[in-house]
Amino acid sequence: MPTPARLEAFIAAVEGGAHAQAIEDYYTEDATMRENQAEPRRGRSTLVAQETAVLDRTESVASTCVRPVLVDGDHVAIHWVFEFTFKGGSRMRMEEIAWQRWDGERIAEEQFFYDPAQRKPG
């Protein structure tokens, strides 16, 4: 179960734009991450590589945690809003719920729930 301070530090890292570094710092080595009902990606190094690939296509990402954050033991739900500006000028706004299972002070499993129609840059 994450301490309140650890959870707040994670949120601050993401809101501060340190997306790939947050995975390095806050996820277990064998963490999984999945989009809606897709097959999970496995392993922290895979998750960092995927995040880095997404970030390489962007000019900027503004990340906002919409409070409250819900915590029940090892389970955390965070409502995120991400506003992407891609290289070339297109933009995309993503709103999602991240459902996490923490193992101590690190995220072991994360699943994102969102409307896939949001993934079309405008």
Side-chain angles (χ1 to χ4, degrees):
M1 177 166 91
T3 63
R6 180 73 170 171
L7 183 55
E8 287 301 322
F10 167 71
I11 292 167
V14 175
E15 287 186 324
H19 298 91
Q21 189 62 50
I23 294 170
E24 286 280 357
D25 294 344
Y26 294 92
Y27 289 65
T28 63
E29 187 174 334
D30 61 346
T32 63
M33 189 182 284
R34 70 189 294 184
E35 311 287 324
N36 289 323
Q37 299 301 312
E39 191 64 29
R41 297 183 300 276
R42 299 180 183 284
R44 184 171 55 214
S45 61
T46 299
L47 305 180
V48 170
Q50 174 74 25
E51 192 70 18
T52 300
V54 169
L55 294 171
D56 284 347
R57 297 190 313 263
T58 67
E59 286 291 330
S60 65
V61 181
S63 306
T64 304
C65 172
V66 180
R67 297 187 183 266
V69 174
L70 305 176
V71 180
D72 185 8
D74 291 337
H75 291 90
V76 174
I78 302 174
H79 179 180
W80 289 109
V81 175
F82 299 104
E83 298 195 35
F84 296 87
T85 301
F86 293 98
K87 293 176 180 172
S90 65
R91 296 176 176 264
M92 179 177 72
R93 183 179 189 276
M94 286 278 301
E95 190 166 349
E96 68 185 22
I97 301 296
W99 177 248
Q100 303 169 335
R101 184 183 63 77
W102 288 65
D103 183 4
E105 293 290 301
R106 290 185 174 264
I107 299 164
E109 297 175 20
E110 186 168 45
Q111 184 170 4
F112 302 110
F113 297 93
Y114 58 86
D115 178 356
Q118 299 179 97
R119 294 188 73 166
K120 295 179 180 138

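All heavy atoms count here, side chains included; hydrogens, waters and symmetry mates do not. Residue numbers start at 1 and run along the sequence shown.
Residue pairs meeting the side-chain hydrogen bond (donor to acceptor under 3.5 Å, both in side chains) criterion with at least one partner in residues 13-32, sequence neighbours excluded, are His19-Ser63, Gln21-Asp25, Tyr27-Glu110, Thr28-Asp30. The list of salt bridge (charged side-chain N to carboxylate O under 4.0 Å, His left out) pairs with a residue in residues 53-63, not counting sequence neighbours, is empty.
Aromatic ring orientation, Trp80 versus Phe10: perpendicular (interplanar angle above 60°, classes split at 30° and 60°). Using cut-offs of 30° and 60° on the angle between ring planes, the pair Phe84 and Phe86 is parallel.
Closest approach of Gly73 to Pro2, counting heavy atoms only: O-CD, 4.0 Å. Smallest separation of non-hydrogen atoms from Met92 and Gln118: CG-O, 3.1 Å. Considering all non-hydrogen atoms of both residues, Arg67 and Ile11 come closest at NH2-CG2, 3.6 Å. The minimum heavy-atom distance between Met33 and Leu47, with the atom names listed, is CB-CD2, 3.5 Å. When all heavy atoms are compared, the tightest approach of Asp74 to Met1 is OD1-N, 2.7 Å. In terms of heavy atoms, Thr58 sits closest to Val54 at CG2-O, 3.4 Å.
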Query - salt bridge (Lys or Arg N to Asp or Glu O under 4.0 Å) between Glu96 and Arg34, intermediate numbers included - result: CA-CA 12 Å; Glu96 68 185 22; Arg34 70 189 294 184; over 6 Å; no
Query raised in the report: Run the side-chain contact (heavy atoms from CB on, under 4.5 Å) check on Val71 and Trp102 step by step: do they pass?
Result: CA-CA 10 Å; Val71 180; Trp102 288 65; over 6 Å; no
Query raised in the report: Is there a side-chain contact (heavy atoms from CB on, under 4.5 Å) between Met94 and Arg119 once you walk through the steps?
Result: CA-CA 7 Å; Met94 286 278 301; Arg119 294 188 73 166; 3.7 Å; yes
Report task. Assess whether side-chain contact (heavy atoms from CB on, under 4.5 Å) is satisfied between Gln100 and Phe112, documenting all intermediate values. Result -> CA-CA 9 Å; Gln100 303 169 335; Phe112 302 110; over 6 Å; no
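To the nearest 0.5 Å, atom CD of residue Glu39 and atom CD of residue Gln37 are 11.0 Å apart. With rounding to the nearest 0.5 Å, the separation of NE2 in His79 from CD in Glu95 is 3.5 Å. Between Ile23 atom CD1 and Arg44 atom CZ the span is 10.5 Å, to the nearest 0.5 Å.
In the hydrophobic clustering of ILVMFWY residues, with side-chain heavy atoms under 4.5 Å counting as a link, Tyr114 and Phe82 come out together. Neither Ile97 nor Leu70 shares a network with the other; the hydrophobic side chains, linked directly or stepwise wherever heavy atoms of I, L, V, M, F, W or Y lie under 4.5 Å apart, form separate groups for each.
Around atom CG of Asp115, more than 12 heavy atoms belonging to other residues, nucleotides or ligands sit under 6.0 Å away.
Judged as a salt bridge (charged side-chain N to carboxylate O under 4.0 Å, His left out), and not counting sequence neighbours, the contacts of Arg101 are Glu109.
For Arg6 (side chain) and Ala9 (main-chain N/O), no donor-acceptor pair under 3.5 Å exists by modelled atom type.
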